[in-house]
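A quick write-up on the structure given underneath.
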Amino acid sequence: MRASRLVTLLLLLQNRGRMTAQQLAEELEVSVRTVYRDVEALGAAGIPLYGDAGHAGGYRLLDGYRTRLTGLTADEAQAAFLAALPGTAAELGLGEALATAQLKLRAALPVELREHAGRIQERFLLDAPGWYGDADRTPHLAVIAGAVWARRAVVLRYRRWRAPEEIERRVEPYGLVLKAGRWYLVAGGPSGIRTYRVDQILEVHALEGEFAIPDEFGLAAYWSGYLADFRARLHTGDALVRLTPEGARRLGVTPVGDGWTEVRVPIESVDHAHGEFLRLGTDIEVMAPAELRDRIAETVRALATRYEG
């Protein structure tokens, strides 16, 4: 356990530069006293690490010192290569950088771990987009990604679903999210933080100067809240239905016994539920709302008439 922590401490200093004992303790989830002992152990092992006193002080490695990644376990090496997605990197304009980084990482690994990492790339592939429909065209993704990295505001012309259909807006790109094969831009603007589909950006121009992201903003936390709000707005009502065991399985409901199961399920709208419930055929009976039950009954009668004779 301690050996793993020492490697993590070393990599933190290598990647971030100077860090205080308190910062290291928070990252490693240990006490400051433990950090002091770990720093002494690394120094005794010959690691060129030293500390500066004072308000702006902290621990750092001697300039130019780099450690080889021989501390990786087999699982860690596999995870590193599995997480490096060539398609995603290429979309962001980082395909060549990713290939170079993987070569360097592979060269730094012991032979056994190098073979493990190679098998990951041979046996696992992520293809994020869905089956139906072509992948979204995102010709402006590289420019947006560059603005995210450089903290540059952009002026974008954007197509949206409500009027006016096209808008022009100055925004500050906080981050990019890849969700189910589709890229989303999270950006601050005149109306607060908003989410934009990158494939709906018609034109974009990066501006000069840097902006500062609010200290309280976190991309992961924002996206989690955005999804929760989206789901809450999506399900505007519910329906009372009866399901056979097969219908319950297909709808993701736990069946009660071997007979029919009565349950309330959230629905987006009557129109949407009408199409989704028809897919279940005779494995579902809609009890309420009456409008939905009548719509389905009308559709079933029309189908029966069409196929008679």
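Just the heavy atoms: all of them, side chains too, but no hydrogens, waters or symmetry mates, feed the values below.
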D215: which residues meet the salt bridge (Lys or Arg N to Asp or Glu O under 4.0 Å) condition with it, sequence neighbours left out?
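Once residues adjacent in sequence are excluded, D215 has no partner under the salt bridge (Lys or Arg N to Asp or Glu O under 4.0 Å) criterion.
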Residues in salt bridge (Lys or Arg N to Asp or Glu O under 4.0 Å) contact with D283, at least two apart in sequence or another chain:
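Partners of D283 under the salt bridge (Lys or Arg N to Asp or Glu O under 4.0 Å) test: R250.
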Using modelled atom types only, decide if a donor and an acceptor are shared between the side chain of S224 and the backbone of A220 within a distance under 3.5 Å.
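Pair absent, no side-chain N/O of S224 close to backbone of A220.
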Check for a donor-acceptor pair, side chain of R293 on one end and backbone N or O of V286 on the other, with a separation under 3.5 Å.
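Indeed, once roles are kept as given, a pair shorter than 3.5 Å links the two residues.
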Locate the shortest heavy-atom distance separating [X] from [Y]; write the atom from each residue and the value.
X: P245; Y: G259; result: CD-O, 3.4 Å
X: W260; Y: T282; result: CH2-O, 3.8 Å
X: T261; Y: P255; result: OG1-CA, 3.5 Å
X: A21; Y: V35; result: O-CG2, 3.9 Å
X: Y59; Y: G51; result: CD2-CA, 3.7 Å
X: V148; Y: G175; result: CG1-CA, 4.1 Å

In the structure I gave you, are the side-chain heavy atoms of [X] and [Y] within less than 4.5 Å of one another anywhere?
X: L176; Y: V186; answer: no
X: L10; Y: L61; answer: yes
X: S31; Y: Y36; answer: no
X: E168; Y: Y158; answer: no
X: L185; Y: L156; answer: yes
X: L280; Y: V241; answer: no
X: L243; Y: L251; answer: yes
X: D199; Y: R137; answer: no

Honestly curious: do [X] and [Y] fall in one hydrophobic cluster under the side-chain, below-4.5 Å linking rule?
X: L219; Y: Y226; answer: yes
X: M287; Y: V300; answer: no
X: V204; Y: L207; answer: no
X: W183; Y: V177; answer: no
X: V30; Y: V32; answer: yes

To the nearest 0.5 Å, what is the distance between [atom1] ([X]) and [atom2] ([Y])?
X: L24; Y: L9; atom1: CG; atom2: CG; result: 5.0 Å
X: L202; Y: E165; atom1: CG; atom2: CD; result: 10.5 Å
X: I144; Y: W149; atom1: CD1; atom2: CH2; result: 15.0 Å
X: M19; Y: L13; atom1: CE; atom2: CG; result: 6.5 Å
X: D38; Y: L28; atom1: CG; atom2: CG; result: 7.5 Å
X: T244; Y: I284; atom1: OG1; atom2: CD1; result: 9.0 Å

Of Y174, W223, Y196, which meets ring-ring contact (aromatic ring centres under 6.0 Å, His included) against Y184?
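When ring-ring contact (aromatic ring centres under 6.0 Å, His included) is applied between Y184 and each of Y174, W223, Y196, only W223 qualifies.
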Please say whether more than 12 non-hydrogen atoms of neighbouring residues, nucleotides or ligands are located less than 6.0 Å from OH in Y50.
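Enclosed: over 12 neighbouring heavy atoms sit under 6.0 Å from OH of Y50.
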Not counting sequence neighbours, which residues clear side chain to side chain contact (heavy atoms under 4.5 Å, CB included) with R249? List them please.
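Counting only residues at least two positions away or on another chain, R249 forms a side chain to side chain contact (heavy atoms under 4.5 Å, CB included) with E246.
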Just jot down the side chain to side chain contact (heavy atoms under 4.5 Å, CB included) partners of P289, sequence neighbours excluded, or say none.
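Side chain to side chain contact (heavy atoms under 4.5 Å, CB included) check on P289 returns A239, L292.
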The test is side-chain contact (heavy atoms from CB on, under 4.5 Å); show your working for I167 and R160 and say whether it passes.
CA-CA 8 Å; I167 59 171; R160 60 182 187 174; 3.7 Å; yes
Donor on one side chain, acceptor on other, Q23 and E27, under 3.5 Å:
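No pair is found: no donor N or O on one side chain lies under 3.5 Å from an acceptor on the other.
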Pair E172 + R170, salt bridge at N-O below 4.0 Å:
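Salt bridge: yes.
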Taking NZ, NE, NH1 and NH2 as the nitrogens, is one of them in E166 or R157 under 4.0 Å from a carboxylate oxygen of the other?
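Counted as a salt bridge, because a side-chain N and a carboxylate O are separated by less than 4.0 Å.
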So R197 and R182, side-chain contact (heavy atoms from CB on, under 4.5 Å) or not? Walk me through it.
CA-CA 8 Å; R197 275 179 49 175; R182 178 169 289 162; 3.5 Å; yes
Please output the side-chain donor-acceptor pairs of residues 269-276 that fall under 3.5 Å, not counting sequence neighbours, one pair per line with the distance.
| residue | atom | partner | partner atom | Å |
| --- | --- | --- | --- | --- |
| S269 | OG | H272 | N | 3.1 |
| D271 | OD1 | R295 | NH1 | 2.9 |
| D271 | OD1 | R295 | NH2 | 3.2 |
| H274 | NE2 | T299 | OG1 | 2.7 |

Return the orientation label for the Y222 and F217 ring planes: parallel under 30°, perpendicular over 60°, tilted otherwise.
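Ring orientation of Y222 relative to F217: tilted.
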R242: which residues meet the side chain to side chain donor-acceptor pair (under 3.5 Å) condition with it, sequence neighbours left out?
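Once residues adjacent in sequence are excluded, the partners of R242 under the side chain to side chain donor-acceptor pair (under 3.5 Å) criterion are E285.
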Evaluate the criterion side-chain contact (heavy atoms from CB on, under 4.5 Å) for residue pair D238 and V265; output intermediate values, then yes/no.
CA-CA 5 Å; D238 56 44; V265 295; over 6 Å; no
